[in-house]
Amino acid sequence: LFRSIQTRQEKRINFTIGSRAYLLPKTSVVIKCPVRRFSKSFIQWEKDGKPLHSSKRLGITKSGSLKIHNLEASDIGVYRCIADSVYDTFVLKLIGTDNRLLDPPRSEE
């Protein structure tokens with residue numbers, strides 16, 4: 001699995017699905033889901049096994065990539081892009097000020 005660790009603040013970073021990223025809060029990311037011979041409009045995205053819905057900070061581009069603006073603790077998790085019966089995952093972690101991994105907020109379940 002490809003690992004990427006962000007060491008300095010950057011505005012936007014592009015990734016391809018199938019990697020694991022340790023990022024700084026407030027960064028924006030674009031995660032590409034490279035599929036061939038498959039309609040991009042049918043690509044589905046999940047986070048931690050639940051379907052993703054667009055919000056102010058999160059959206060899916062026309063090319064089927066997932067865009068997240070201004071990362072925060074609630075974005076930590078495992079993202080999955082599903083195209084037909086094929087899928088791949090992207091693991092997103094956030095690094096705090098003291099280089100420790102941030103914990104995702106506890107779910108309200």
Side-chain angles (χ1 to χ4, degrees):
L1 202 63
F2 176 73
R3 268 183 28 175
S4 171
I5 300 172
Q6 184 184 0
T7 51
R8 59 193 166 78
Q9 200 64 55
E10 292 171 71
K11 281 236 172 1
R12 192 177 110 179
I13 310 183
N14 292 304
F15 292 101
T16 299
I17 198 91
S19 50
R20 177 183 289 259
Y22 299 85
L23 304 173
L24 298 171
K26 297 189 173 59
T27 306
S28 293
V29 295
V30 177
I31 309 163
K32 289 194 187 102
C33 184
V35 286
R36 290 185 196 89
R37 299 186 299 278
F38 186 78
S39 172
K40 305 268 193 287
S41 56
F42 289 110
I43 292 173
Q44 293 175 302
W45 283 90
E46 287 181 352
K47 176 181 179 245
D48 299 329
K50 297 191 179 99
L52 267 182
H53 302 290
S54 295
S55 67
K56 271 189 186 145
R57 293 187 309 105
L58 187 147
I60 295 157
T61 67
K62 285 194 183 74
S63 61
S65 298
L66 177 65
K67 239 180 176 170
I68 311 171
H69 296 287
N70 219 358
L71 288 174
E72 52 187 53
S74 61
D75 299 315
I76 295 169
V78 178
Y79 291 82
R80 187 153 77 154
C81 101
I82 306 158
D84 206 4
S85 57
V86 182
Y87 66 87
D88 207 342
T89 54
F90 177 84
V91 180
L92 194 151
K93 308 254 188 201
L94 288 184
I95 308 167
T97 43
D98 51 3
N99 280 345
R100 287 176 187 220
L101 288 177
L102 294 179
D103 288 324
R106 299 213 177 277
S107 62
E108 287 89 49
E109 286 173 35

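- Taking the side chain as every heavy atom from C-beta outward, Ile5 and Ile95 approach each other to under 4.5 Å.
- By the side chain to side chain donor-acceptor pair (under 3.5 Å) test, Ser74 is found to be paired with Glu72, residues two or more places apart in sequence or in another chain being considered.
- When every heavy atom of Cys33 is checked against every heavy atom of Ser65, the shortest pair comes out as N-OG, 4.5 Å.
- Expressed to the nearest 0.5 Å, how far CZ of Phe90 lies from OG of Ser4 amounts to 7.5 Å.
- Separating the NZ atom in Lys11 from the CG atom in Asn70 is a distance of 11.0 Å, to the nearest 0.5 Å.
- Ile43 and Leu58 fall within a single hydrophobic cluster, where Ile, Leu, Val, Met, Phe, Trp and Tyr are joined by side-chain heavy atoms under 4.5 Å apart, directly or via other members.
- Legend: residues meeting side chain to side chain donor-acceptor pair (under 3.5 Å) with Thr61, ordered by chain and number and at least two apart, are Ser63.
- The side chain to side chain donor-acceptor pair (under 3.5 Å) search around Glu46 returns Arg80, not counting sequence neighbours.
- To the nearest 0.5 angstrom, Ile17 atom CD1 is 11.5 Å from Tyr87 atom OH.
- With values rounded to the nearest 0.5 angstrom, Ser54 atom OG is found 11.5 Å from Lys67 atom NZ.
- Transitive grouping of hydrophobic side chains (ILVMFWY, heavy atoms separated by less than 4.5 Å) keeps Ile76 and Leu24 in distinct clusters.
- By the side-chain contact (heavy atoms from CB on, under 4.5 Å) test, Leu71 pairs with Leu23, Thr27, Val29, Ile68, Asp75, Leu92, Leu94, sequence neighbours left out.
- By the rule that hydrophobic residues join a cluster once side-chain heavy atoms approach within less than 4.5 Å of another member, Ile13 and Ile31 end up as members of one cluster.
- Among residues two or more places apart in sequence or in another chain, the side-chain contact (heavy atoms from CB on, under 4.5 Å) test is passed with Ile60 by Trp45, Leu66.
- With sequence neighbours excluded, the residues satisfying side-chain contact (heavy atoms from CB on, under 4.5 Å) with Lys93 are Arg20, Tyr22, Val91, Leu101.
- Contact check for Pro25 versus Leu102: side-chain heavy atoms found under the 4.5 Å cut-off.
- Checked by atom type and distance alone, the side chain of Glu10 never pairs as donor or acceptor with a backbone atom of Arg12 at under 3.5 Å.
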